[in-house]
Amino acid sequence: MPELPEVETIARGLRDLVIGRTVRRARVGLRKMTVAPAGVNFSRALAGEAITGVGRRGKYIVMQLTSGRSLVTSLRMTGRLVFQRTARSPHPYTHVRIDFEDDSRLCFADSRQFGRMRLVEPGEPWAEALGIEPLSEHFTPQRFIGMLSGRRVPVKVFLLDQRRIAGIGNIYACEALWEAGIRPTTQAKALTKPAIRRLHTALVDVLNRAIEMRGTSVDDYVDADGLRGGFQNELSVYGRHGKACVRCGRPLVRTVLAQRGTWWCTRCQHK
DNA sequence: AGGCGTACCTGAGGGC
DNA sequence: TGCCCTCAGGTACGCC
């Protein structure tokens with residue numbers, strides 16, 4: 001499932017592929033996959049727009065348009081944004097097609113139909129509820145200590161809360177906790193300052209390494225060119241229950257926390 | 001407000 | 001082999 005490194009990889013790829021292209025026509029196959037401001041028709045509004053920039057906020061891909069509007073895409077679990085240079089059959093499960101004037105095309109595909117493409121008015125505060133960017137200069141160890149203090153939730157649940165830190169999902173939460181030697185169930189407020197510092201370092205480190213490897217492809221994820229990432233070969237714990245911990249050799253376990261699979265080492269993660 | 005449960009979906013994989 | 005059942009999980013939303 002696309003998390004920060006995967007979304008960042010897609011956004012970077014799209015930057016070279018779609019900036020400067022003008023939409024000839026947008027076609028919506030499944031209505032619920034799109035959201036537009038009241039009184040605005042999604043496809044009609046897109047026609048004639050050119051894409052001027054591509055960015056990322058949390059797990060959202062943000063494309064800037066000439067009108068000042070933005071096209072914000074949430075891939076959720078199985079969503080894909082795949083660019084096609086020439087006319088051919090759309091990517092499987094394509095629900096929104098954005099055809100450009102030069103016959104290239106951007107497909108928004110999603111087998112489970114959880115993803116959303118949203119047209120946002122200039123200045124509309126669509127990301128108000130999103131927390132801090134973990135790779136920004138604002139995410140300091142000191143800030144992290146402050147964020148966690150007094151919070152009774154298990155630290156892993158905290159990491160997954162997009163209102164606190166934006167972009168971390170199940171894979172990188174599990175990986176960072178392992179790297180920092182912290183038990184996923186430990187209450188946020190019970191973490192010592194050294195443990196929080198280790199977790200801070202681990203988060204930044206694992207996200208950066210994953211971006212370098214162009215993301216993790218455990219199942220569906222591909223980048224804007226349809227290529228898989230490489231970080232699935234670097235995973236230490238995610239999806240590896242029963243396999244030996246690469247640090248201590250003990251079999252890794254899978255438990256469930258907040259309705260989500262959680263992979264960890266009962267020996268190495270004891271703080 | 002914060003925290004929790006649930007709906008949304010369908011492909012994959014296990015059991016028999 | 002093939003059918004049936006369950007599971008996976010990010011986010012929005014409703015409720016207490």
Side-chain angles (χ1 to χ4, degrees), chain A residues 1-11 28-38 56-62 72-81 91-96 108-120 124-134 146-177 184-190 207 210 215-222 228 232 235 237-242 252-264:
Chain A
M1 46 246 78
E3 305 179 25
L4 188 154
E6 292 75 38
V7 176
E8 179 65 27
T9 302
I10 293 166
V28 177
L30 192 57
R31 191 75 165 273
K32 67 173 180 183
M33 303 290 290
T34 61
V35 182
R56 177 194 62 76
R57 175 77 173 95
K59 301 178 195 172
Y60 297 83
I61 294 159
V62 185
V72 178
T73 304
S74 165
L75 300 170
R76 299 275 188 97
M77 309 291 299
T78 47
R80 297 178 173 196
L81 271 183
H91 201 79
Y93 303 103
T94 290
H95 302 301
V96 182
F108 178 34
D110 191 347
S111 65
R112 287 189 205 171
Q113 308 173 10
F114 281 171
R116 292 293 181 268
M117 217 173 214
R118 178 174 168 190
L119 199 53
V120 173
E124 190 184 337
W126 65 273
E128 250 180 342
L130 285 182
I132 193 168
E133 283 291 327
M147 291 167 75
L148 292 164
S149 78
R151 305 298 313 278
R152 301 194 317 191
V153 286
V155 58
K156 190 199 171 202
V157 175
F158 182 93
L159 293 179
L160 293 175
D161 187 344
Q162 302 300 298
R163 297 168 302 177
R164 312 292 167 188
I165 304 173
I168 299 168
N170 209 18
I171 296 175
Y172 300 107
C174 290
E175 293 295 309
L177 287 166
T185 49
T186 303
Q187 284 192 333
K189 66 172 188 176
L207 293 173
T216 300
S217 295
V218 276
D219 39 25
D220 282 322
Y221 161 72
V222 289
R228 286 165 59 82
Q232 62 276 11
L235 295 174
V237 287
Y238 183 85
R240 295 177 55 84
H241 54 288
L252 298 168
V253 300
R254 178 189 185 276
T255 54
V256 175
L257 185 54
Q259 288 96 248
R260 288 185 176 95
T262 302
W263 290 266
W264 57 293

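Each chain gets a letter, A, B and so on, in the order its sequence line appears, and its residues count up from 1. From a predicted model like this one, the values you see are computed outputs, not experimental measurements.
Between A:P154 and A:S111, it is A:P154 whose nearest contact on DNA chain B lies nearer the 5' terminus.
The side chain of A:Y238 contributes an N or O atom lying less than 4.0 Å from OP1 or OP2 of C:dG9. Listed pair A:R151 / B:dA1 fails the phosphate criterion, with no side-chain N or O lying under 4.0 Å from OP1 or OP2. Listed pair A:Y93 / B:dT10 fails the phosphate criterion, with no side-chain N or O lying under 4.0 Å from OP1 or OP2. Here A:Q113 does not reach the OP1 or OP2 of B:dC8: none of its side-chain N or O atoms lies under 4.0 Å away. Contact check, A:K32 against B:dC8: no side-chain N or O comes under 4.0 Å of OP1 or OP2.
No donor-acceptor pair closer than 3.5 Å links the side chain of A:E133 to the backbone N or O of A:R57. Between the side chain of A:R228 and the main chain of A:S217, a donor-acceptor pair closer than 3.5 Å is present.
The distance from atom CG of A:L160 to atom C1' of B:dG5 is 16 Å, rounded to the nearest whole Å. What separates CD1 of A:I168 from P of C:dG10 is a distance of 12 Å, to the nearest Å. Atom-to-atom, CG of A:D161 to P of B:dC4 comes out at 11 Å; the value is rounded to the nearest Å. At whole-Å resolution of the value, CG in A:D110 and P in C:dG10 are 14 Å apart. Spacing between atom CD1 of A:I171 and atom P of C:dG9 amounts to 9 Å, rounded to whole angstrom units. Summarising the geometry, the separation between CZ on A:R76 and C1' on B:dG11 is reported as 18 Å, rounded to the nearest angstrom. One interatomic measurement links the two molecules: CZ of A:R57 to P of C:dT11, which rounds to 12 Å at whole-angstrom precision. Between A:R164 atom CZ and B:dG2 atom C1' the separation is 8 Å, expressed in whole Å.
Distance from the side chain of A:Q259 is smallest for B:dT6 among the nucleotides C:dT11, B:dT6, C:dG9. Closest approach to the A:R254 side chain among C:dG9, B:dG11, C:dA8 is made by C:dA8 (side chain taken as heavy atoms from C-beta onward). Listed nucleotides B:dG3, C:dA12, B:dC9 differ in distance to A:Y60; the shortest reach to its side chain belongs to C:dA12.
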task = Carefully, step by step, assess A:T34 and A:F108 under the rule side-chain contact (heavy atoms from CB on, under 4.5 Å).
result = CA-CA 10 Å; A:T34 61; A:F108 178 34; 6.0 Å; no
key: Candidate pair A:L75 and A:D110, rule side-chain contact (heavy atoms from CB on, under 4.5 Å), full reasoning   = CA-CA 8 Å; A:L75 300 170; A:D110 191 347; over 6 Å; no
query = Taking it one step at a time, do A:E6 and A:Y172 satisfy side-chain hydrogen bond (donor to acceptor under 3.5 Å, both in side chains)?
reply = CA-CA 11 Å; A:E6 292 75 38; A:Y172 300 107; 2.5 Å; yes
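Stacking of A:F114 onto the six-membered ring of B:dC8 is present: less than 5.5 angstrom between centres, less than 30° between planes.
For the residue pair A:L160 and A:G169, the shortest heavy atom distance occurs at CD2-C, 3.3 Å.
Residue contacts shown for A:G115 are absent, as no nucleic acid heavy atom lies under 4.0 Å away. Heavy atoms of A:W263 sit under 4.0 angstrom from primed sugar atoms or phosphate atoms, though from no base atom.
Interface remark: the A:R260 side chain does not form any donor-acceptor pair with the C:dA8 base, using a distance-only criterion of under 3.5 Å.
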